[in-house]
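One structure is given here, and the rest of the page talks about it.
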Amino acid sequence: MSTIKHYLQFSDLSADEYAYLLERAATLKQMFKRYEKHQSLTDRTLAMIFEKASTRTRVSFETGMYQLGGYVVHLTTGDSQLGRAEPIEDSARVISRMVDLVMIRTFEQAKLECFAQHSRVPVINGLTNEFHPCQILADIFTYIEHRGPIQGKTVAWVGDGNNMANTWLQAAQLLDFKLHVSAPSGYELDERLALGTQADPAHLQTFDDPLQACQGAHLVTTDVWTSMGYEEENAQRKQAFANWKVDARMMAAAQPDALFMHCLPAHRGEEVDAEVIDGPQSVVWDEAENRMHVQKALMEYLLLGRQ
């Protein structure tokens, strides 16, 4: 049990492991583009458990596992209600005896951690309220693909201090880049949740004004104002976030070659203007595709180690 490696938050891996994963993802992507078959996970089975609906997470994991030669079991809340139909511990013990790998997309991080604690196989965080490590892995891979190393660069996060912002902070600390965060009052980033302590000023700076947060940034990124599970707050959030829409003015404040990213789905005219997300600095479609490539590298690494 002690040799099992889980991926529950970005900080679960080291900078050296990320260097390998990012390089491996590039190799696997090149093979994919060349229609070159690579089935390192032949006859392995991935169980995907969804308590939160998903498009990109399901397609990227399922397609990626099939490309690696494996199988997929897809479970939704109707099939497996973690901690409701039976204790999470029991679900973990049963499911992990039948599959090789588990990906869970759920609400509380505590559910994911409880499952992993009682699992005989690696568990991957497909998203929780607190963290979204696979998305940030894809975002960093996308940045490197377009602009080279992210070390020493500045990433501007505009909007909700949510699971994405938490994970960006872990990544900044681990991979040595700077994160600028601007969020409305009451929706700030929780440094202690992300890191367990206060962030190093060399890796985090917060701003009341989102335009200032974008000043000199190499990457500007955002998310929807109302994440899944917070729908009842939608009207209140729209009012609070009115000045946190990424627009051409914010992109102009960033570096001339700055990129724009969004984890999708996006609401044009709310958290981002159409001219930004559909403009020349946007790499959101590459970013979405790259979820599959980095997750292939991740699944292969958790099961087989370095190749």
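Hydrogens, waters and symmetry mates play no part in the numbers below; they use all other heavy atoms, side chains included. Values in this document were obtained by computation on a predicted structure and should not be read as measured data.
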**Message:** Checking Q39 against Q67 for the side-chain contact (heavy atoms from CB on, under 4.5 Å) test, could you report, in this order, the C-alpha distance in whole Å, the side-chain angles of both residues, the deciding distance, and whether it holds?
**Reply:** CA-CA 7 Å; Q39 298 192 331; Q67 289 175 10; over 6 Å; no
**Message:** Test ring pair (Phe, Tyr, Trp, His ring centres under 6.0 Å) on F141 and H293; report intermediate values, then the result.
**Reply:** CA-CA 9 Å; F141 177 76; H293 304 302; 7.1 Å; no
**Prompt:** Under the side-chain contact (heavy atoms from CB on, under 4.5 Å) criterion, do Q173 and D200 qualify, and how do the steps go?
**Reply:** CA-CA 8 Å; Q173 192 98 337; D200 180 347; 3.9 Å; yes
**Request:** List the steps, then state whether side-chain contact (heavy atoms from CB on, under 4.5 Å) holds for E300 with H38.
**Result:** CA-CA 11 Å; E300 185 185 70; H38 174 72; 2.9 Å; yes
**Message:** Set out, in order, the CA-CA distance, both residues' side-chain angles and the distance that settles side-chain contact (heavy atoms from CB on, under 4.5 Å) for L304 and L41, then state yes or no.
**Reply:** CA-CA 8 Å; L304 305 179; L41 299 184; 3.7 Å; yes
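Counted by atom type alone, K52 and N129 present one or more donor-acceptor pairs between their side chains at under 3.5 Å. With 3.5 Å as the limit, one finds a donor-acceptor pair spanning the side chains of S182 and W244. Donor-acceptor pairing under 3.5 Å is lacking for the side chains of H262 and D223. In this structure, a donor-acceptor pair under 3.5 Å is absent between the side chains of N166 and E130. Side-chain contact of T142 with D286: a donor-acceptor pair under 3.5 Å is absent, judged by distance alone. Residues E86 and S91 bring a donor and an acceptor atom of their side chains to less than 3.5 Å of each other.
Looking at every heavy atom in both residues, A172 comes nearest to L179 through CB-CB, 4.2 Å. In plain terms, the two heavy atoms of I4 and H6 that are nearest each other are CG2-CE1, 3.4 Å. Here the shortest heavy-atom pairing between A116 and L8 reads CB-CD1, 3.8 Å. Closest of all the heavy-atom pairs between P149 and Y143 is O-CE2, 3.8 Å. For A171 against I136, the heavy-atom pair with the smallest separation is CB-CG2, 4.0 Å. Nearest heavy-atom pair, A183 versus G159, reported as atom, atom and distance to 0.1 Å: CB-O, 2.9 Å.
Residues Q281 and M251 form a side-chain contact, since some pair of their non-hydrogen atoms from C-beta on lies under 4.5 Å apart. Contact of the H203 side chain with the K178 side chain is not registered, since no non-hydrogen atoms from C-beta on lie closer than 4.5 Å. Counting only heavy atoms from C-beta outward, the side chains of L303 and L101 approach each other to under 4.5 Å. Residues I49 and M103 form no side-chain contact, since every pair of their non-hydrogen atoms from C-beta on lies 4.5 Å or further apart. Looking only at side-chain heavy atoms (C-beta outward), T206 and E188 stay at 4.5 Å or farther from each other. Residues Q9 and Q109 form a side-chain contact, since some pair of their non-hydrogen atoms from C-beta on lies under 4.5 Å apart. The shortest side-chain heavy-atom distance between T106 and F115 does not fall under the 4.5 Å cut-off. Counting only heavy atoms from C-beta outward, the side chains of R24 and Y301 never approach each other to under 4.5 Å.
Note: Y18 OH to I150 CD1 = 12.5 Å, rounded to the nearest 0.5 Å. The distance from the OG1 atom of T57 to the CD atom of Q295 is 6.5 Å, given to the nearest 0.5 Å. Here the CD1 atom belonging to I95 is positioned 13.0 Å from the OG1 atom belonging to T45, to the nearest 0.5 angstrom. Taking CG from L13 and CG from L174, the interatomic distance works out to 8.5 Å, rounded to the nearest 0.5 Å. Rounding to the nearest 0.5 Å places CG of L28 at 11.5 Å from CG of L298. The CZ atom of F61 sits 13.5 Å away from the CZ atom of R56 when rounded to the nearest 0.5 Å.
At most 12 heavy atoms of other shown residues, nucleotides or ligands fall within 6.0 angstrom of atom CD in Q239. Other residues, nucleotides and ligands place more than 12 heavy atoms under 6.0 Å from the CG atom of D209. For CZ of R34, the number of neighbouring non-hydrogen atoms (other residues, nucleotides, ligands) closer than 6.0 Å is greater than 12. Annotation for E23: atom CD does not count as buried by contact number, only 12 or fewer foreign heavy atoms lying within 6.0 Å.
Between the E191 side chain and the A199 main chain, a donor and an acceptor come within less than 3.5 Å of each other. Without hydrogens or angle criteria, R237 side chain to W225 main chain gives a donor-acceptor distance under 3.5 Å. A donor-acceptor pair under 3.5 Å is formed between the side chain of R147 and the backbone N or O of D257. A distance-only check finds no donor-acceptor pair linking the side chain of E275 to the backbone of D273 [under 3.5 Å]. No donor-acceptor pair under 3.5 Å is formed between the side chain of S96 and the backbone N or O of S119. Checked by atom type and distance alone, the side chain of N125 never pairs as donor or acceptor with a backbone atom of Y7 at under 3.5 Å. Side chain of H118 to backbone of R93: no donor-acceptor contact under 3.5 angstrom is found. Formation of a donor-acceptor pair under 3.5 Å by the K111 side chain with backbone atoms of F107 is not found in this model. Looking at R44, its side chain never comes within 3.5 Å of a backbone N or O of G70 through a donor-acceptor pair. Of the possible polar contacts, none joining the H132 side chain to the N163 backbone as a donor-acceptor pair under 3.5 Å is found.
A single hydrophobic cluster is not seen to contain both I144 and V220; linkage of ILVMFWY side chains at heavy-atom distances under 4.5 Å, directly or through other members, places them apart. Following chains of ILVMFWY side-chain contacts shorter than 4.5 Å, one can reach V284 starting from V272, so the two form part of one hydrophobic cluster. A chain of hydrophobic side-chain contacts below 4.5 Å, direct or via other Ile, Leu, Val, Met, Phe, Trp or Tyr residues, connects L189 to V155. If you chain together hydrophobic residues whose side chains sit under 4.5 Å apart, M48 and M292 never meet in one group. V276 is not connected to M261 by any chain of hydrophobic side-chain contacts under 4.5 Å among Ile, Leu, Val, Met, Phe, Trp and Tyr, and they are in different clusters.
L112 pairs with exactly one of I124, V123, L127 by the side chain to side chain contact (heavy atoms under 4.5 Å, CB included) rule, that one being V123.
Remark: E51 does not engage R105 in a salt bridge, criterion side-chain N to carboxylate O under 4.0 Å. Under the 4.0 Å criterion applied to side-chain N and carboxylate O atoms, R268 and D278 are assigned as salt-bridge partners. Ion pairing of R306 with E17 is absent here, as no side-chain N (NZ or NE/NH1/NH2) approaches a carboxylate O to less than 4.0 Å.
For F131 and F10, the gap between ring centers reaches or exceeds 6.0 Å. Separation of the Y66 and Y71 ring centroids does not fall under the 6.0 Å cut-off.
Aromatic ring orientation, W168 versus F177: perpendicular (interplanar angle above 60°, classes split at 30° and 60°).
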